[in-house]
> 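Take this structure, written in structure tokens, and hold onto it; I'll ask about it next.
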Amino acid sequence: MRNIIEVTDFEAVELDIYARASEGQLLNREFPEKGIFIAESPKVIERALDGGYEPVSCLMEKKHIEGEGRSILSRIGDVPVYTAEFDVLTQITGFKLTRGMLCAMKRKKLPSVEEICGGARRIAVLDEVMNPTNVGAIIRSAAALGMDAVLLTPGCSNPLYRRAARVSMGTVFQIPWTIMDENGYEELKKLSFKTVAMALKEDSLSISDPRLHAEEKLAVIMGTEGDGLPDDTIEKCDYTVMIPMYHGVDSLNVAAASAVAFFELGKRS
């Protein structure tokens with residue numbers, strides 16, 4: 001049963017999560033069990049629903065009720081759906097909606113490292129990657145190019161931030177991921193993963209080195225934008241690997257580098 005509510009009051013408290021709440025407030029670090037996130041665009045919303053995430057409400061351009069949003073409305077029962085014309089929604093949210101649709105959803109409890117990595121052979125590790133666009137792009141590459149799971153250090157941008165989830169094209173709901181604590185790297189060792197630091201070091205292995213493909217389990221570690229991985233992290237890793245560069249180029253953006261690394265290191269002997 002549809003619960004369509006036309007927006008007439010820009011200050012309505014029901015619209016705070018779309019119009020006035022920050023990503024940090026939605027995350028709710030103090031009470032994570034009450035955290036929510038905003039899924040943007042029909043594809044991302046569909047994939048979140050497929051992943052078992054529970055909707056709280058939707059904000060939808062009026063024309064999509066009988067258009068692109070129809071299939072979503074058929075799946076969310078009597079969840080409130082706030083609607084208005086395109087220009088009104090832009091005024092509420094402060095930006096143009098991607099494909100005219102947002103959906104607020106409840107976060108889930110994050111799984112443990114062991115839960116998502118126990119049966120994995122190739123995983124990606126994001127170490128202090130703070131740009132949500134990069135996080136989304138890396139997760140999309142990880143899902144597409146052979147990684148079985150993604151781990152993030154606490155300093156990373158959260159994968160369910162609206163922009164990260166949208167850039168990932170909803171693959172953040174398809175590949176297992178979690179945020180590891182300060183003992184995360186030690187846990188990987190206990191799970192028999194060999195760690196690969198992606199770094200611009202002269203003594204690095206080539207990314208196509210057959211020893212890497214021969215490893216039963218690999219964790220491919222990508223560092224923060226600009227500075228890359230810290231030296232102490234690199235020193236703890238089993239391998240240091242560099243992507244060959246040409247024409248005097250000294251480095252790639254971390255999202256571009258991740259696609260190259262996952263494509264090559266996702267291969268298995």
Side-chain angles (χ1 to χ4, degrees), residues 23-24 26-33 35 37 51-53 107-143 145-161 163-165 167-168 171-199 212 215-241 254-255 257-259 261-262 265-266:
E23 294 277 22
L26 294 177
L27 181 59
N28 200 342
R29 289 183 175 86
E30 187 175 1
F31 301 105
E33 70 280 3
F37 66 94
Y53 286 86
R107 289 176 176 266
K108 294 181 180 181
K109 181 180 179 182
L110 289 177
S112 69
V113 170
E114 185 173 5
E115 284 174 322
I116 69 168
C117 294
R121 292 185 59 199
R122 295 292 185 270
I123 65 171
V125 180
L126 280 59
D127 193 303
E128 306 297 298
V129 178
M130 295 173 280
N131 185 305
T133 298
N134 284 335
V135 169
I138 293 169
I139 288 176
R140 186 177 182 183
S141 292
L145 299 172
M147 298 294 107
D148 299 315
V150 178
L151 302 180
L152 304 97
T153 61
C156 288
S157 182
N158 193 280
L160 294 186
Y161 282 173
R163 185 167 181 79
V167 171
S168 84
T171 55
V172 68
F173 306 113
Q174 295 175 301
I175 186 170
W177 63 272
T178 196
I179 297 172
M180 61 187 193
D181 60 22
E182 65 276 4
N183 298 315
Y185 287 118
E186 286 74 16
E187 286 190 73
L188 290 179
K189 298 280 187 182
K190 292 177 182 177
L191 291 169
S192 302
F193 279 90
K194 295 294 185 180
T195 47
V196 176
M198 300 301 301
L212 301 172
E215 292 289 359
E216 179 67 21
K217 292 184 174 185
L218 278 184
V220 184
I221 305 171
M222 312 297 301
T224 186
E225 301 89 345
D227 294 334
L229 289 170
D231 288 338
D232 61 340
T233 298
I234 295 172
E235 289 169 5
K236 294 175 184 176
C237 288
D238 298 294
Y239 299 104
T240 303
V241 172
V254 65
S258 74
F262 300 158
L265 298 175

> Could you work out, with side chain to side chain contact (heavy atoms under 4.5 Å, CB included) as the rule, every residue matching A219, not counting sequence neighbours?
I123, V125, L188, F193, T195
> Quick one: does any side-chain atom of W177 pair with a main-chain N or O of V172 as donor and acceptor, under 3.5 Å?
yes
> List the residues meeting side-chain hydrogen bond (donor to acceptor under 3.5 Å, both in side chains) with K189, not counting sequence neighbours, and say none if there are none.
D238
> Between L152 and P159, is any pair of side-chain heavy atoms under 4.5 Å apart?
yes
> Does E225 reach the main-chain N or O of N131 with its side chain, forming a donor-acceptor pair under 3.5 Å?
yes
> Applying salt bridge (charged side-chain N to carboxylate O under 4.0 Å, His left out), can you list everything that pairs with E216, at least two apart in sequence or on another chain?
R121
> Does the S168 side chain pair with the main chain of I139, one donor and one acceptor, at a distance under 3.5 Å?
no
> Sequence neighbours left out, what passes side-chain hydrogen bond (donor to acceptor under 3.5 Å, both in side chains) with T153? Give chain and number order.
E128
> Does E235 reach the main-chain N or O of D232 with its side chain, forming a donor-acceptor pair under 3.5 Å?
no
> Sequence neighbours excluded, which residues qualify as side chain to side chain contact (heavy atoms under 4.5 Å, CB included) partners of E186?
N183
> Give me the atom names and distance for the closest heavy-atom approach of N134 to V129.
CB-CG1, 4.0 Å
> Just how far is it from atom CG of D127 to atom OG1 of T233, taken to the nearest 0.5 Å?
5.0 Å
> Sequence neighbours left out, what passes ring pair (Phe, Tyr, Trp, His ring centres under 6.0 Å) with F37? Give chain and number order.
Y53, F173
